[in-house]
Amino acid sequence: MRSSVADDHVLKRLLAGDAVVLDGGVGTELERRGARMAEGAWCGPAALTAPETLKQVHLDYLQSGAEIVTANTYAASRIMMRDAWLEDRCGDGVKAAVKIAQAARAAHGRDGVLVAGSLSHMTPMRAGTATAEAALPSDDEMADAFGEVAQLLRDEGCDLILL
């Protein structure tokens, strides 16, 4: 759920094509701040392993003027989490990431902030390969994994989903 009616103003501006300030790279900022990155899953598990660092990243972006904060779900699909031996925690990670972004929005207290879920087609890079193509899951597996994340983002109350 959005935090206030004022959020509708930001959403209307966004849909009208107006400029809206988006936060920056959440995963890269987590990595810069020393959050442990998972082999194959990069920043996917960070909502489970570094929740306070993640919340501070969101708060810092909000302090800098962001009107949209992005939940750390870019690399949290079942496909990505598998290489970190956390496939069965995918849903927990997505839910935690959204809740942390929502908590940061509430703690910051500024009206009009949206929480976006992040959904990517990212797949793990295998050691010794130059691209992810060598390890691509089937189309059905990708549709299931990314559909699962999209459903969780909606169910957990993201205001929009970034692709």
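For the single chain, residues carry numbers from 1 onward in sequence order. These figures come from a predicted structure and were not determined experimentally.
- For the pair Arg78 (side chain) and Cys90 (backbone), a donor-acceptor distance under 3.5 Å is absent.
- A salt bridge links Glu141 to Arg82: one of the charged nitrogens lies within less than 4.0 Å of a carboxylate oxygen.
- One distance of note links CG of Asn72 with OG1 of Thr53; it measures 11.0 Å at 0.5 Å rounding.
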Might you work through the side-chain contact (heavy atoms from CB on, under 4.5 Å) test for Val113 and Ile68, ending with a clear yes or no? CA-CA 6 Å; Val113 173; Ile68 300 173; over 6 Å; no
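- Contact between Cys43 and Leu30 at its shortest, heavy atoms only, is CB-CD1, 4.5 Å.
- Of all heavy-atom pairs between Gly112 and Val10, the closest is O-CG2, 2.7 Å.
- The main-chain N or O of Tyr74 is found under 3.5 Å from a side-chain atom of Ser120 such that the two form a donor-acceptor pair.
- Partner Asp159 forms a side chain to side chain contact (heavy atoms under 4.5 Å, CB included) with one of Leu153, Leu114, Val69 and no other, that one being Leu114.
- We find that Lys95 and Asp92 are not joined by a salt bridge, their nearest charged nitrogen and carboxylate oxygen being 4.0 Å or further apart.
- Note on Leu15: it does not cluster hydrophobically with Val21, by side-chain heavy-atom contacts below 4.5 Å among ILVMFWY residues.
- What you find for Ala96 and Leu48 is that their closest heavy atoms are CB-CD2, 4.2 Å.
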Exercise answer: donor-acceptor pairs, residues 59-66 side-chain atoms, under 3.5 Å, sequence neighbours excluded:
{"residue": "Asp60", "atom": "OD1", "partner": "Gln56", "partner atom": "NE2", "Å": "2.8"}
{"residue": "Asp60", "atom": "OD2", "partner": "Arg33", "partner atom": "NH1", "Å": "2.9"}
{"residue": "Asp60", "atom": "OD2", "partner": "Arg33", "partner atom": "NH2", "Å": "2.7"}
{"residue": "Tyr61", "atom": "OH", "partner": "Gly25", "partner atom": "N", "Å": "3.3"}
{"residue": "Tyr61", "atom": "OH", "partner": "Gly25", "partner atom": "O", "Å": "3.1"}
{"residue": "Ser64", "atom": "OG", "partner": "Asp60", "partner atom": "O", "Å": "3.0"}

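- Remark: Glu29 engages Arg32 in a salt bridge, criterion side-chain N to carboxylate O under 4.0 Å.
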- Message: Using the rule given for salt bridge (Lys or Arg N to Asp or Glu O under 4.0 Å), can you reason through Arg13 versus Glu67, listing the C-alpha separation, both sets of side-chain angles and the distance that settles it, and then say yes or no?
- Response: CA-CA 11 Å; Arg13 286 180 33 230; Glu67 298 170 277; 2.8 Å; yes
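- Rounding to the nearest 0.5 Å gives a distance of 13.0 Å between NE2 of His58 and NE2 of His108.
- None of Ile161, Leu162, Val94 except one satisfies the side chain to side chain contact (heavy atoms under 4.5 Å, CB included) rule with Thr73; the exception is Val94.
- Among all heavy-atom pairs drawn from Gly117 and Ala71, the shortest one is CA-CB, 4.4 Å.
- By the 6.0 Å contact criterion, CG on Asp18 is enclosed, its count of non-hydrogen atoms from other residues, nucleotides or ligands being greater than 12.
- Cys158 and Ala116 make their closest contact through SG-C, 4.1 Å (heavy atoms, listed as atom of the first residue, atom of the second, distance).
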